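A short write-up of the structure that comes next.
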Amino acid sequence: MTKLLLLGGTTEASRLAIALAEAWGGAGPGAGRQAVFSYAGRTARPASQPLPCRIGGFGGVAGLAAYLRHEAITHVVDATHPFASQMSANAVAACGEAGVKLLGYERPEWLAQRGDIWIRVPDMAGAVAALPEAAARVFLAIGKQHVAAFAARPGNHYLLRLVDTPDAPLPLPLPKTSVVVARGPFGAEGDEALMRAHAITHVVAKNSGGSGAQAKLVAARALGLPVVMIDRPRSPPRQVVGSVAEVMSWLDHA
Ligand code: 3Y8
Ligand code: NAP
């Protein structure tokens, strides 16, 4: 009996969940082939899924390996975000320990196009160092987990885009910020209007790939603005595919 753990949190994972629910008759308990969709619990109200869901960390590699055994998981598809490198590393280790089949499913990275002004950096510290010392107006479209790094450049004004309204006033180490609360996917027109309204001079982005976060790149190109582009962390060695069809075929044959 196939029982799949789908590590989600991305557009790709949501698309795969729809395909699985259709092909596996809801994939719920009692179905011939079952699937569980997994969120980390990062956001207040994650999008609902057409599969049974679980929310929250597993408790590191040991916790995930124990979960795989306890739930008799036979396959894991890691459709987490390219920057969710800890989850992906844990999945490789735990599936190896528990003898469970693992497949990565992720979108290709963005490549600079004509008209793009990219400053490519290896990590968040590199992104901070690439910014002017002061007086820049920076669109930080990287979520809230890594905002603190920009305290090293307090002379700039930062526009933060967050998924959830910060419950307490964010202990923001940045003296000059504006916050916009919005959940992607985003559109280029909306992002261009936002960047004009805030007189943005620089954009900071992760090379997430996919369509949901791409709007700010299209807007920056139209406005002739530089983008500080953070390269993806190295992902652990594992089999990776880039389409729902390849995942479904792997599940049918693995
Ligand atoms: C919790 C699940 C779907 C998935 C939709 C995609 C598209 C919209 C664009 C900007 C960039 C950013 C951020 C972003 C996008 C999709 C996708 C994507 C970028 C949700 C979601 C969860 C998260 C976690 C959240 C992070 C943050 C990153 C915001 C749900 C909405 C910046 C990544 O507040 C926090 O702590 C947010 C944390 C991890 C990065 C960070 O470091 O802060 N995503 N995003 C998942 C979980 O709990 O397991 O709430 O429904 C999912 C999506 N966000 O189902 O269609 O596929 O990428 N997410 C980035 O790409 O740079 C926003 O603002 O332009
Ligand atoms: P991360 O740093 O790689 O993972 C940190 C810890 O969060 C993991 O060790 C695990 O906790 C838990 N975790 C992560 N993803 C999980 C999942 N899908 N199900 C259950 N637990 C999970 O992850 P992250 O970058 O914070 O991303 C968290 C979630 O947001 C993921 O679902 C990811 O797909 C989504 N997301 C992230 C980004 C981004 O920019 N990072 C963008 C869009 C969406 P334990 O060790 O306790 O098991």
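Start at 1 and go down the list; that is how both ligands and their atoms are numbered. Computed from a predicted structure; not experimentally measured.
Ligand 2 places these atoms under 4.0 Å from at least one heavy atom of Ser85: 3 (O). Each of the atoms 26 (O), 28 (C) of ligand 2 lies under 4.0 Å from some heavy atom of Arg42. Atom numbering of ligand 2 starts at 1 in the shown order; those under 4.0 Å from a heavy atom of Gly60 are 45 (P), 46 (O), 47 (O), 48 (O). Using a 4.0 Å cut-off to heavy atoms of Gly57, the atoms of ligand 2 that qualify are 11 (O), 21 (N), 45 (P), 47 (O), 48 (O). Of all atoms in ligand 2, listed by their number and element, those nearer than 4.0 Å to a heavy atom of Arg54 are 20 (C). Within ligand 2, counting atoms from 1 as listed, the ones closer than 4.0 Å to a heavy atom of Gln145 are 26 (O).
Both Val180 and Ile200 are assigned to one and the same hydrophobic cluster, defined by single-linkage of ILVMFWY side chains at heavy-atom distances under 4.5 Å.
Counting protein heavy atoms only, atom 36 (N) of ligand 2 is closest to His81 CB, 3.6 Å. Among all non-hydrogen protein atoms, the one lying nearest atom 40 (O) of ligand 2 is Lys206 NZ, 2.6 Å. Among protein heavy atoms, atom 5 (C) of ligand 2 sits closest to Gln86 CB, 4.0 Å.
Within the structure, ligand 2 lacks Gly143 among the residues with a heavy atom less than 4.0 angstrom away. Note on ligand 2: Asn90 sits in its first shell, one or more heavy atoms being nearer than 4.0 Å. Distances from ligand 2 to the non-hydrogen atoms of Gly59 include at least one value under 4.0 Å. Ligand 2 lies out of reach of Ser208, whose nearest heavy atom is not under 4.0 Å from it.
If you check each of Cys53, Ser38, Gly56, Gly41 against atom 19 (N) of ligand 2, the one with the closest non-hydrogen atom is Ser38. For atom 13 (N) of ligand 2, the nearest non-hydrogen atom from the set Gly8, Ala40, Gly9 belongs to Ala40.
When distances from atom 42 (C) of ligand 2 to the protein are checked, a heavy atom turns up under 4.0 Å.
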**Study point:** Criterion side chain to side chain contact (heavy atoms under 4.5 Å, CB included) on Glu106 and Ser88, from CA distance to verdict
**Key:** CA-CA 11 Å; Glu106 71 182 22; Ser88 295; 5.8 Å; no
Practice item. For side chain to side chain contact (heavy atoms under 4.5 Å, CB included), just list the numbers for Phe58 and Asn90, CA-CA rounded to whole Å, side-chain angles, deciding distance to a tenth of an Å, and then say yes or no. Key: CA-CA 10 Å; Phe58 297 96; Asn90 289 4; over 6 Å; no
Practice item. Applying side chain to side chain contact (heavy atoms under 4.5 Å, CB included), run through Ile142 and Phe83 and close with a yes or a no. Key: CA-CA 11 Å; Ile142 54 167; Phe83 279 73; over 6 Å; no
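Counting heavy-atom neighbours within 6.0 Å of Glu71 CD, excluding the residue itself, gives a total above 12.
For residues 213-230, the set of pairs meeting the side chain to side chain donor-acceptor pair (under 3.5 Å) definition, not counting sequence neighbours, comprises Asp116-Arg221.
On a distance-only criterion, Leu7 and ligand 2 share no N/O pair closer than 3.5 Å. Every N/O-N/O distance between Ser88 and ligand 2 stays at or above 3.5 Å. The distance criterion of under 3.5 Å between nitrogen or oxygen atoms is not met by Ala79 with respect to ligand 2.
If you check the side chains of His75 and Thr2, you find no donor sitting under 3.5 Å from an acceptor.
In this structure, ligand 1 sits under 4.0 Å from heavy atoms belonging to Gly9, Thr10, Thr11, Ser14, Tyr39, Ala40, Gly41, Arg42, Thr43, Pro46, Ala47, His81, Arg107, Ala141, Ile142, Gly143, Lys144, Gln145, His146, Arg161, Val163, Arg183, Gly184, Pro185, Phe186, Lys206, Ser208, Gly212, Ala213, Lys216.
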